[in-house]
Student: 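Before we start, here is the structure in question, set down as structure tokens.
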Amino acid sequence: MMLDDSSSVSDDAFRASLADLYEHGPCGYLFARPDGTILRVNQTLLDWIDFGRSDLVGQRRFQDLLTVAGKVFYENQFFPLLRLQGSVKEVAFDIIRRDREPLPVLLNAVLHTDEEGRPTLIAHAIFDASDRRAFEQELIRSRRSAEQLAAVVRLSSDAILSISAAGIIETWNDGAASMFGFVEQDIVGTNLRDILTPSDRHGAWPDLMEELRAGRPVHTEMVGRSANGESIDVSAGFTPHRDLLGAVGTVSVIMQNIAERRKVERLQQEFLAVTTHELRSPVTGIKGNAQLMKRRGTYSERFADAIIGQAQRLERLIDDLLLASQIQADRLTLALEVIDLVGAARAAVDYLGVDESAVRVEVPEETLLVYADQHRLSQLLTNLLTNAIKYSPKRADVTLRVTRQGDEAHVSVADRGIGIPPEALPHLFDRFYRVAGTARHVQGLGLGLYISRRIAEAHGGRIDVASEPGLGSSFTVRLPLHHASAE
């Protein structure tokens, strides 16, 4: 009898434990009729969605707790599959809580049928998938970021590659292929030092690799070798990456072609050297003549004229520098008016104060009107005449010719000077460019032709040049006539 009583007490405790496990287990339980009407739900699910038992049991269908998309999927996909298989495992849904916020869940369901196979009950086991959903979304974001980064690396104009700790190339992007001319299948597996040399000192690769193996990034300038054997100045950044054991396994390398930067640096150095020389020369003349007058204690018209001339030269140099900076910044402004081009050409010759034997002027009888800025047009013509005189032998004649060609007025300045080498013609109108071999004995900053071309273009015209070494050069300015512009 005691055994019976003890057994009875144990069964009751067992049932109570099962009931508690059902109500407060780690997952939600929900039983529903085949049409979805809720028959029973445990406390765990009620706590998750903040509903009371009386709000759900007999009052709602399970699919009514789902989002609109989830409800459609449940009725059209999930339940038919459940009828077919008898059970469905781990299907993702969102259950709508009382506050209308979605709760990500994984749904397991088992279909119970009667003896004739008709559905009688659906048992649902529901698992909170908030953490899993967040993890999946993070994985998707990470994958998307990785794909975007891979696309950036692949399409970057910079050379981006990875090497092993021994310097063997493992990956090679399109930018590297474009920069060096080696395709990926030909270069991967070779040593990076075969095409790249540190530019600072001989035999620096061991030092560089030692720094990387120590886990320290390195940024340096190097000289690369392209597929056709040409040298390439590059700026290279090396970033080491450690493996799980802490050893450097791979190294990321990003390289940029710095040829243009080097070109700009050389141009800046040349500009500073030329500018310093050109500005110092008139300053020295002014200072020297002033000191002579002071030492003698008397006024000298010759020294005063020299001072004025050097000051005017210095003023022209400064004006050219300022004008070139305005042009480069696209801030060149014009005060346009109708101007007689024939008169402007004669005035430019008179301004230079040269005699008729030095510059021969050939102009038509008719008046050629252009719509122009008088000061800038005079500057353009003066620059061309000054250049022709500077680069011509003494007493060599310069011809200024004004003609009409259709709806254009042409002003050509021709000389019989030293001429221009063919290789210099494409760069003749570049800023600070001076033809090799002339910079030592001809003054200037290399801005005259640059400024002249931009002035002509600002007036809707252009400058052409024809030259033959030893025979001279001819510069022709083409400007639209005023009546053609008006029409």
Side-chain angles (χ1 to χ4, degrees), residues 14-114 117-155:
F14 182 68
R15 292 190 186 93
S17 297
L18 286 177
D20 184 66
L21 180 62
Y22 165 77
E23 287 291 343
H24 303 287
C27 64
Y29 295 111
L30 186 147
F31 297 89
R33 293 194 178 99
D35 66 354
T37 301
I38 299 173
L39 299 175
R40 190 168 183 178
V41 60
N42 74 337
Q43 190 60 45
T44 297
L45 182 59
L46 292 173
D47 292 340
W48 285 352
I49 61 178
D50 196 26
F51 278 102
R53 203 178 303 270
S54 60
D55 297 327
L56 302 181
V57 175
Q59 303 298 317
R60 296 194 182 189
R61 300 181 305 164
F62 170 70
Q63 54 265 45
D64 294 334
L65 297 178
L66 305 176
T67 61
V68 174
K71 180 178 180 180
V72 172
F73 179 79
Y74 184 91
E75 293 179 344
N76 292 280
Q77 302 292 330
F78 186 87
F79 185 72
L81 183 62
L82 185 61
R83 287 286 307 268
L84 181 65
Q85 298 182 169
S87 65
V88 179
K89 294 182 179 180
E90 295 190 348
V91 177
F93 283 96
D94 284 336
I95 293 180
I96 302 300
R97 292 185 281 224
R98 182 185 290 274
D99 59 5
R100 308 304 299 173
E101 288 295 318
L103 171 68
V105 298
L106 289 177
L107 181 62
N108 295 270
V110 177
L111 179 65
H112 296 269
T113 60
D114 57 18
R118 289 173 297 192
T120 58
L121 183 70
I122 304 175
H124 300 85
I126 304 169
F127 296 88
D128 186 347
S130 300
D131 293 340
R132 174 170 170 171
R133 181 74 60 82
F135 180 68
E136 289 174 346
Q137 291 175 345
E138 184 61 32
L139 283 179
I140 292 173
R141 283 193 294 268
S142 298
R143 179 179 177 181
R144 193 169 297 154
S145 297
E147 290 173 346
Q148 292 172 346
L149 179 60
V152 170
V153 169
R154 186 177 68 256
L155 300 175

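Any value given below was found using the heavy atoms of this structure, including those in side chains, with hydrogens, waters and symmetry copies removed. Treat the numbers as computed from the prediction; the structure is a model and nothing was measured. Numbering starts at 1 and runs along the sequence shown.
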Student: Quick one, Gln77 and Val91 - any side-chain contact, counting heavy atoms below 4.5 Å?
Tutor: no
Student: Within the distance-only criterion (no hydrogens, no angle test), does the side chain of Thr44 pair as donor or acceptor with the backbone N or O of Pro26 below 3.5 angstrom?
Tutor: no
Student: Could you tell me how the ring of Phe93 sits relative to the ring of Phe73: parallel (under 30°), tilted (30 to 60°) or perpendicular (over 60°)?
Tutor: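 Aromatic pair Phe93/Phe73 classed tilted.
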Student: Counting only N and O atoms by type, is there a donor-acceptor contact under 3.5 Å from the side chain of His124 to the main-chain atoms of Leu30?
Tutor: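 A pair under 3.5 Å: yes.
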Student: Is any side-chain heavy atom of Pro104 closer than 4.5 Å to a side-chain heavy atom of Arg132?
Tutor: no
Student: Distance check, rounded to the nearest 0.5 Å: Thr120 atom OG1 versus Asp114 atom CG?
Tutor: 6.0 Å
Student: Are any side-chain N or O atoms of Asp131 and backbone N or O atoms of Ala134, one a donor and one an acceptor, separated by less than 3.5 Å?
Tutor: no
Student: Taking Gln63 for its side chain and Asp35 for its backbone only, find out whether a donor-acceptor pair lies under 3.5 Å.
Tutor: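 Yes.
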Student: Below 3.5 Å, can you tabulate the donor-acceptor pairs from side chains in residues 51-59 to any protein atom, sequence neighbours excluded?
Tutor:
{"from": "Arg53", "atom 1": "NH1", "to": "Val41", "atom 2": "O", "distance (Å)": "2.4"}
{"from": "Arg53", "atom 1": "NH2", "to": "Glu23", "atom 2": "OE1", "distance (Å)": "3.3"}
{"from": "Arg53", "atom 1": "NH2", "to": "Gln43", "atom 2": "OE1", "distance (Å)": "3.2"}
{"from": "Asp55", "atom 1": "OD2", "to": "Gly52", "atom 2": "N", "distance (Å)": "2.9"}
{"from": "Asp55", "atom 1": "OD2", "to": "Arg98", "atom 2": "NH2", "distance (Å)": "2.6"}

Student: Within the 4.5 Å heavy-atom criterion, are Arg97 and Leu103 side-chain neighbours or not?
Tutor: yes
Student: Any side-chain heavy atom of Asp50 within less than 4.5 Å of one from Asp99?
Tutor: no
Student: Identify the heavy atoms of Ile122 and Phe79 that sit nearest to each other, and give their distance.
Tutor: CD1-CE1, 3.5 Å
Student: Against Phe127, only a single residue in Asn108, Val105, Leu107 fulfils side chain to side chain contact (heavy atoms under 4.5 Å, CB included); can you say which?
Tutor: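 Exactly one pass, corresponding to Asn108.
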Student: Kindly confirm or rule out a cation-pi arrangement of Arg61 over Tyr74, judged by NZ or CZ under 6.0 Å from the six-membered ring centre and within 45° of its axis?
Tutor: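 No cation-pi geometry.
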Student: CD1 of Ile49 to CG of Leu65: how many Å apart, nearest 0.5 Å?
Tutor: 5.0 Å
Student: Write down the atom of Pro102, the atom of Asp94, and the distance for their closest heavy-atom approach.
Tutor: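 Looking at all heavy atoms of both residues, the shortest contact is CB-CB, 4.1 Å.
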